[in-house]
Amino acid sequence: MAQRISELSRRRLLASGAAASAVAIAGCTGGSSDDGNELLFTQEKGWAYAFDPIVANGVPTAQVNEQIYEGLYTYNEDATDIVPELADGEPEVSDDGVTWTAEIKDEATFQNGDDVTAEDVKYSFEAPVDEETENAAEVNMIESIEAIDDKTVEFNLEYPYAAFDTTLTWSIVPKSERDGNEEEFGHDPVGSGPLQWVEWEDGQYVMLERWDDYWGEEQPNISGIEFDFVEEQSTRVTGIETGESDVIETVPPQLWEDVEGMDDVTIESSLGIGYFYLAFNCNEGPTADPQVREAVDYAFSMDDAIGSFVEPAGVRQYSPFPQSIVDAWDFPADEWAEIPHDRDIDQARELFEDAGVGMDYEWNIIVPPDDMREAIGESVSNGLQEVGFENVTFERLEWGTFLDLYATGSEDDYNMYTLGWSGSPDPEAFTYYLFAQELEESTNGTYYRNDEVDQLIMDAREEPDQETRREMYIEATNTILEDRVHLPAYNMYNSYGVADYVSDFQSHPDSATIPLSTHFNNVDVE
């Protein structure tokens, strides 16, 4: 299927999870599981949502959902293209780019035995908007959907949305199972994928098993998978070393060399399509003033923080776009790298004084429960104290509290926060969701209001010509970076410690994708 490099279908907050639980790993049985080829996979974070793709958007939950559900299309091995999954061939696109038609494979069935039909596809795309879920923005460019017949579905767009091909990777759920049963569905999900639901113990584990009647051409080699999560880095690494885990997610920077040095473990990694950043409250408080944001930029060194706390597990990033997008779109990364200031406490103090920010101001920085993001927040906190501020509150919050606060726009809740974003090879994933004014209180917690930038972002959504879009994104990003709405920080490798008895495990650029049984690999536990 010849497709341009384009975006993933779903934005994914690089944030999710229940509380860390060392108990989770204690419950693992390692490679010695009952039948010998169940995979024990330890995630870095837990699950903040039920397992319903209509409402869930956290990465750990999506990693589980990707095994249960399928889309009309899916991503290829390096996420530079999409290929048919439930769809039978390429979509037909009208000359004006607003009508897309897809055929569904005759043999595709759900795990309850029902055929996958055009009505299921229509329902799956309409539900996020009808129910006003946080995922609505991912599909709200669709004006209408028509089930032409049982196996043919037609999408009519409000405008020729440039990245709609990847929207077609949206997960398809069975209408008969979910409609009218929304609350329960996420606790007993049914999809069409090669692995099916067994059980979930919130805060402990999720268990899936091979669906032996899978309609696709190839059955998984593994009999099932158990997902656990352990936030404590050293505990995760100990788990792979002792055989309590078969695969651990995210090799921490401080322990990277230790994992590399293990005799029976290898590191599988690929640079993710992600972005981590420090964001400012541009709505209320002193950080609504761009001069104050620039002063914060002078107060600490992001380069030093990344070198100390992130490398070699990640790389410095100077714009909202991960390297894959910078390369594919030929963005001026070298120019953007010149925008951040190096640490200069005197210059920072002068800018704060000029902006009228007294040294008795009470700063409030919030971060999620993640060591690297915490390190960035702490670096800022230390810098402000060195400038002379006596009241700097730096809080590491549990995920639920953090997610409740970071997008309120209230000075009482935060002046700054650190967060991450997982997107796709299309720039829109890192502009529209993070900076569009219509997504304030949702995925945009900065409340940055520059009408010219906002118009560029919105126009780029509808612009079919890639070079014109490129110019729009460059212009918008220049202003965003100069205004220091975010201070870009780093991008992570999607990294996994893998026991040697696990074969064909691959890292994927999309952090939500754990390839277990795909068109390019089939994991086994030997």
Side-chain angles (χ1 to χ4, degrees), residues 276-306 308-309 318 320 338-370 372-398 401-419 434-435 437 440-441 444-451 453 478-489:
F276 292 82
Y277 55 91
L278 174 76
F280 291 97
N281 183 343
C282 302
N283 189 51
E284 291 183 354
T287 49
D289 181 349
Q291 181 171 313
V292 172
R293 301 196 293 266
E294 184 175 9
V296 173
D297 189 14
Y298 274 118
F300 78 110
S301 170
M302 185 70 84
D303 287 339
D304 288 349
I306 304 307
S308 299
F309 304 113
Y318 292 97
E338 297 298 318
I339 292 176
H341 296 306
D342 201 0
R343 180 175 174 275
D344 187 332
I345 295 298
D346 291 337
Q347 186 65 32
R349 187 177 294 118
E350 182 176 325
L351 287 173
F352 281 126
E353 291 174 355
D354 188 55
V357 183
M359 290 297 137
D360 58 349
Y361 180 75
E362 298 181 6
W363 292 95
N364 184 12
I365 305 168
I366 61 173
V367 301
D370 174 276
M372 284 174 275
R373 281 173 271 192
E374 179 181 359
I376 303 301
E378 189 169 13
S379 296
V380 178
S381 174
N382 292 339
L384 290 173
Q385 293 180 63
E386 192 170 350
V387 166
F389 292 102
E390 298 178 354
N391 302 307
V392 183
T393 300
F394 164 62
E395 293 183 282
R396 173 170 170 149
L397 305 174
E398 60 89 19
T401 304
F402 179 87
L403 295 176
D404 286 341
L405 294 182
Y406 92 94
T408 65
S410 171
E411 178 187 8
D412 293 336
D413 291 332
Y414 61 93
N415 300 117
M416 290 167 260
Y417 62 88
T418 59
L419 198 50
L434 296 177
F435 302 107
Q437 293 180 30
E440 291 174 355
E441 300 185 58
N444 175 5
T446 67
Y447 292 75
Y448 173 63
R449 297 188 181 106
N450 181 313
D451 291 341
V453 169
N478 286 341
T479 304
I480 289 168
L481 293 175
E482 290 287 355
D483 282 353
R484 288 167 172 79
V485 185
H486 286 184
L487 297 185

Spatial distance of atom OH (Y361) from atom CZ (F352) [nearest 0.5 Å]: 10.5 Å
Inter-residue atom distance Y417.OH - Y277.OH, 0.5 Å rounding: 4.5 Å
Side chain to side chain donor-acceptor pair (under 3.5 Å) between D451 and Q437, intermediate numbers included: CA-CA 9 Å; D451 291 341; Q437 293 180 30; 3.3 Å; yes
Sole candidate of R484, H341, Q347 that passes side chain to side chain donor-acceptor pair (under 3.5 Å) when paired with D297: R484
Whether Y406 and F402 hold their rings parallel, tilted or perpendicular, with breakpoints at 30° and 60°: parallel
Distance-minimising heavy-atom pair for I376 and A305: CD1-CB, 3.8 Å
Straight-line distance of M359 CE to L384 CG, nearest 0.5 Å: 9.0 Å
Side chain to side chain contact (heavy atoms under 4.5 Å, CB included) evaluation trace for D342 with D303: CA-CA 8 Å; D342 201 0; D303 287 339; 5.5 Å; no
Distance in Å, F389 CZ paired with S381 OG, rounded so as to fall on 0.5 Å steps: 11.5 Å
Contact check, side chains of Y298 and D346, non-hydrogen atoms, under 4.5 Å: no
Any donor-acceptor pair under 3.5 Å from R349 side chain to V387 backbone: yes
Closest approach of P369 to L397 (non-hydrogen atoms, all atoms of both residues): CD-O, 2.9 Å
Nearest heavy-atom neighbours spanning V380 and V296: CG1-CG1, 3.9 Å
Partner of T418 under side-chain contact (heavy atoms from CB on, under 4.5 Å), chosen from R373, M372, E374: R373
Pairwise side-chain contact, I366 with D413, heavy-atom cut-off 4.5 Å (strictly under): no
Gap separating the CG atom of D483 from the CD1 atom of I339, nearest 0.5 angstrom: 10.0 Å
Atom CD of E350 with >12 non-hydrogen neighbours under 6.0 angstrom: no
Close side-chain approach of C282 and V485, heavy atoms under 4.5 Å: yes
Min side-chain heavy-atom separation D304-R343 under 4.5 Å: no
Side-chain (N364) to main-chain (N415) donor-acceptor, under 3.5 angstrom: no
Contact check, side chains of E482 and P290, non-hydrogen atoms, under 4.5 Å: no
Spatial distance of atom CH2 (W363) from atom OG1 (T393) [nearest 0.5 Å]: 12.0 Å
Intermediate values then yes/no, side chain to side chain contact (heavy atoms under 4.5 Å, CB included), E440 and R449: CA-CA 10 Å; E440 291 174 355; R449 297 188 181 106; 3.1 Å; yes
Nearest atoms (heavy-atom pairs only) where S379 meets F309: OG-CE1, 4.0 Å
Closest non-hydrogen atom pair, R293 against T287: NH1-O, 2.9 Å
Single hit among Y318, F280, F435 for ring-ring contact (aromatic ring centres under 6.0 Å, His included) with H486: F435
Minimum heavy-atom distance T446-A279, with the two atoms named: CG2-CB, 4.0 Å
P488 and L481, any side-chain heavy atoms less than 4.5 Å apart: yes
Note, Y448 side chain near T479 side chain (heavy atom, < 4.5 Å): yes
